[in-house]
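Here is the structure we will look at, set down as structure tokens.
The figures here come from the full heavy-atom set of this structure, side chains too, leaving out hydrogens, waters and symmetry mates. Letters go in sequence order (proteins before strands), and every chain restarts at 1.
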Amino acid sequence: MTPKEHLTSLLKLAVANIAPGQEDTIELERPKAAGHGDFSCNVAMRLAKTLKKNPRELAQAIVADLPASQLLEKAEIAGAGFINLFLKPAAWAQVVHTIRTQGGTYGHSDAGHGQKVQVEFVSANPTGPLHVGHGRGAAYGASLANVLEAAGHAVTREYYVNDAGRQMDILALSTWLRYLEQHGILVPFPTNAYQGDYVREMARAIADEHGDRYVHEPWRILDGVPLRPDDELVAGGDAEAKMQNEAHLDGLIAASKRLLGAEYPYFHGFALNEQLSDCREDLIEFGVEFNEWFSEKSLFDTGKVASAVDTLKKNGHLYEQDGALWFKATAFGDEKDRVVQRANGEYTYFASDIAYHANKFERGFDRIIDVWGADHHGYIPRVKAALIALELDPEKLTVALVQFAVLYRGGQKVQMSTRSGSFVTLRELRSEVGNDAARFYYVLRKSDQHLDFDLDLAKSQSSDNPVYYIQYAHARVCSVLAEWGGNVSGLEHAALDKLTSAYELTLMKRLLEYPEIVVASARELSPHLIAYYLKDLAGDLHTYYNAEKFLVEDEALKLARLALVAATRQVLANGLSLLGVQAPEKM
RNA sequence: GCCCCCGUAGCUCAGUGGAUAGAGCAUCCCCCUCCUAAGGGGAGGGUCACACGUUCGAUUCGUGUCGGGGGCGCCA
């Protein structure tokens, strides 16, 4: 039992005497000012109104009824009716033993009661390298999943692979066109196809392997394809030209499918495989792994999309207009009705997403968390609408929106544009600032807030850089323990009552807070709380380090101090691991 | 026009229905004969955008105003 739990139970006993049935309103908080005790309770003020009593008198009565305790030093009444509780130092010191005993699981709890939670994140189209925007979703989702797990949830990490649909067709087409280029067949490359060099590389690999097997004459390719509009009009944002541009692209896709025939799936599959394995590798290097890579295509293949749409139709939630099939999303709180099947018979992305979410519910998760880029926020009402229409509980779904990250280098915004292909990839970022700094910086802000990512700062190996600041604290303790040379497990019998300085008490209090931080972080879906906690903890350690020498002559004092810093090292390592950041022994 | 995020120290940002609102950077002063100075101590710096409301109590919750950023396809 933690001191906080202990004090809460004492207060409950006292309150039960005075106001039976009100015990559950008790909450303890940690006051900011040291003079206000280690914990503070506002229950007297909260009960004053219903009991029609003066809050200070109520507080007096509660304090008078507090059972005696080994850990409680004193209880004071202050301000408008606060009950301020002061603990004996021994109450704090026990945390050092707790940490040594629990090791890597210190901070874990059963707060989530084993609830089955799915966290779906990244889910980028496998049509090219991950960029820095995906990186934030990856870092956030991975840390969030870790935090939820530590707080006692059964977590499934999932990547939704958009392997069906037009974007993949565009990638397959792009690859084929580059392949043709390499055989001297010059079909003008569409502006809205994938421009990146990785497409040329895939084309080269196919050419190396299969020679000219997939070559077709240019006039046959362009036969019947809507004409390409003027590029300048498209770039200028002319609506008609843009539509024409898309029609041109769709025409080329149709041509590639027609001419390649049974070979088309080869191009499609090759490109998908290449991009997906590249993405998977990228993420693994970034410390991000998934339990499930869920294929969108499989939803079509197993008829799940059709059956989800059928269910909606059967329940009268669909209607036809302009040849398309519309979902009455407005009946369930969305602002517009949405198309699920286009006039050309193709299902929309929304249709497969309905099937996907229905499938998530079928798999029996108690809670589903979708991590999406903030640009999708308008999408939430329609997905929730679909859930309600399918008689599924929309409260089980939480969409965590991740705002964009903007890179800064030399104080200047790094310009990015997907269109021109001039985006910075996650790989480039990782190689520039390192995995640890990237992981840490991504979660240093609340996820729903714009992130300014300062590349120079993330790279700097100085105290300005919070990653190094925290890692350095860990390395410092390792260094002290190495200097001492003893076995950490031998610190079991350290006399912790030797730890009485203000530095030591501050540190112990901080260590004791860690499990609460993990729980709060899970509850708020906010891994950044861990990052801020670690900065504070590292700060406490550095202050202590500078103020006191640990390897002192007095053997008992030395062992007590080493036990404390070893516990600090453990918590630093535990917290860093939740964020996917290394805890180095040397720097 | 509609929607989302934000407005807290010079800058970048935490924070909370509670008491005297914090950190880092920047500025100024100071600390290695010492377990890693990638560190530490101290000083200055605030109308928590503004108004009204709810409350015993609001920087926190609600409404409105102003200001900044972003998003709004039969795209995914």
Taking the side chain of Thr543(A) as heavy atoms from C-beta outward, which of rA19(B), rA14(B), rG40(B) is closest to it?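 Taking heavy atoms from C-beta onward, the closest nucleotide is rG40(B).
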Nearest listed nucleotide, side chain of Asp452(A), among rA19(B), rC35(B), rU12(B):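 My answer, after comparing the listed nucleotides, is rU12(B).
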Quick one: is [N] close enough that its OP1 or OP2 comes under 4.0 Å of any side-chain N or O from [X]?
| X | N | result |
| --- | --- | --- |
| Ser40(A) | rA19(B) | no |
| Gln449(A) | rG70(B) | no |
| Tyr469(A) | rG40(B) | yes |

Quick check, does Tyr532(A) stack with rA14(B)? I mean ring centres under 5.5 Å and planes off by under 30°.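 Per 5.5 Å and 30° rule: no stacking.
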Does the side-chain ring of His36(A) lie flat on the base of rA19(B), meaning centres under 5.5 Å and planes less than 30 degrees apart?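 Here the ring of His36(A) and the base of rA19(B) are stacked, with centres under 5.5 Å and planes under 30°.
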Between [X] (side chain only) and [Y] (backbone N and O only), is there a donor and an acceptor less than 3.5 Å apart?
| X | Y | result |
| --- | --- | --- |
| Thr127(A) | Gln167(A) | no |
| Lys384(A) | Leu397(A) | yes |
| Ser295(A) | Ser298(A) | yes |
| Trp372(A) | Val399(A) | no |

Quick one: list whatever passes ring pair (Phe, Tyr, Trp, His ring centres under 6.0 Å) with [X], sequence neighbours left out.
| X | answer |
| --- | --- |
| Phe550(A) | Tyr544(A), Tyr545(A) |
| Phe121(A) | Phe290(A) |
| His357(A) | none |
| Tyr356(A) | Tyr160(A), Phe294(A) |

Check every strand shown and say whether [X] touches a base, only sugar-phosphate, or nothing at a heavy-atom separation below 4.0 Å.
| X | value |
| --- | --- |
| Ala475(A) | base |
| Leu529(A) | sugar-phosphate |
| Lys535(A) | nothing |
| Ala78(A) | base |
| Asp163(A) | nothing |
| Ser479(A) | base |
| Glu548(A) | base |

Assess, by modelled atom type and distance only, whether the side chains of Asp540(A) and Thr506(A) contain a donor and an acceptor separated by less than 3.5 Å.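 No, Thr506(A) and Asp540(A) have no side-chain donor paired with an acceptor closer than 3.5 Å.
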Testing the 3.5 Å rule here: is there a donor-acceptor pair between the side chains of Ser123(A) and Asn162(A)?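 The criterion, which ignores hydrogens and geometry beyond distance, is not satisfied for Asn162(A) and Ser123(A).
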Quick one, give me the B/S/- string for nucleotides 71-76 of chain B, reading 5' to 3', where B means a protein heavy atom under 4.0 Å from the base and S means that only happens at the primed atoms, P, OP1 or OP2. S--BSB
Under 4.0 Å protein heavy-atom contact, by nucleotide of nucleotides 56-61 of chain B - B base, S sugar-phosphate only: S-----
Rounding to an integer number of angstrom, what distance separates [N] and [M] when you compare their [atom1] atoms?
| N | M | atom1 | value |
| --- | --- | --- | --- |
| rC66(B) | rG73(B) | P | 26 Å |
| rG10(B) | rG45(B) | C1' | 8 Å |
| rC28(B) | rU54(B) | P | 50 Å |
| rG44(B) | rC35(B) | C1' | 34 Å |
| rU65(B) | rC72(B) | C1' | 24 Å |
| rG67(B) | rC29(B) | C1' | 38 Å |
| rG57(B) | rA49(B) | C1' | 23 Å |
| rG46(B) | rG22(B) | P | 14 Å |

Relative to each other, are the rings of Phe327(A) and Phe332(A) parallel, tilted or perpendicular (30° and 60° limits)?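 Parallel, since the angle between the ring planes stays under 30°.
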Between His528(A) and Met587(A), name the one whose nearest nucleotide on RNA chain B is closer to the 5' end.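 Upstream on the strand: His528(A).
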Apply the test ring-ring contact (aromatic ring centres under 6.0 Å, His included) to residues Tyr140(A) and His528(A): give CA-CA distance (whole Å), side-chain angles for both, the deciding distance (0.1 Å), then the verdict. CA-CA 9 Å; Tyr140(A) 172 73; His528(A) 77 277; 9.2 Å; no
Once you round it to whole Å, what is the distance between [atom2] of [N] and [atom1] of [X]?
| X | N | atom1 | atom2 | answer |
| --- | --- | --- | --- | --- |
| Leu541(A) | rC35(B) | CG | P | 16 Å |
| Gln403(A) | rC3(B) | CD | C1' | 12 Å |
| Phe453(A) | rC13(B) | CZ | P | 13 Å |
| Lys586(A) | rA38(B) | NZ | P | 16 Å |
| Tyr468(A) | rA37(B) | OH | P | 18 Å |
| Leu562(A) | rC35(B) | CG | C1' | 9 Å |
| His542(A) | rC35(B) | NE2 | C1' | 14 Å |

Whether the side chain of Asp536(A) and the base of rA14(B) hold a donor-acceptor pair under 3.5 Å is what I'd like checked.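 Between rA14(B) and Asp536(A), which were checked side chain against base, a qualifying N/O pair under 3.5 Å is absent.
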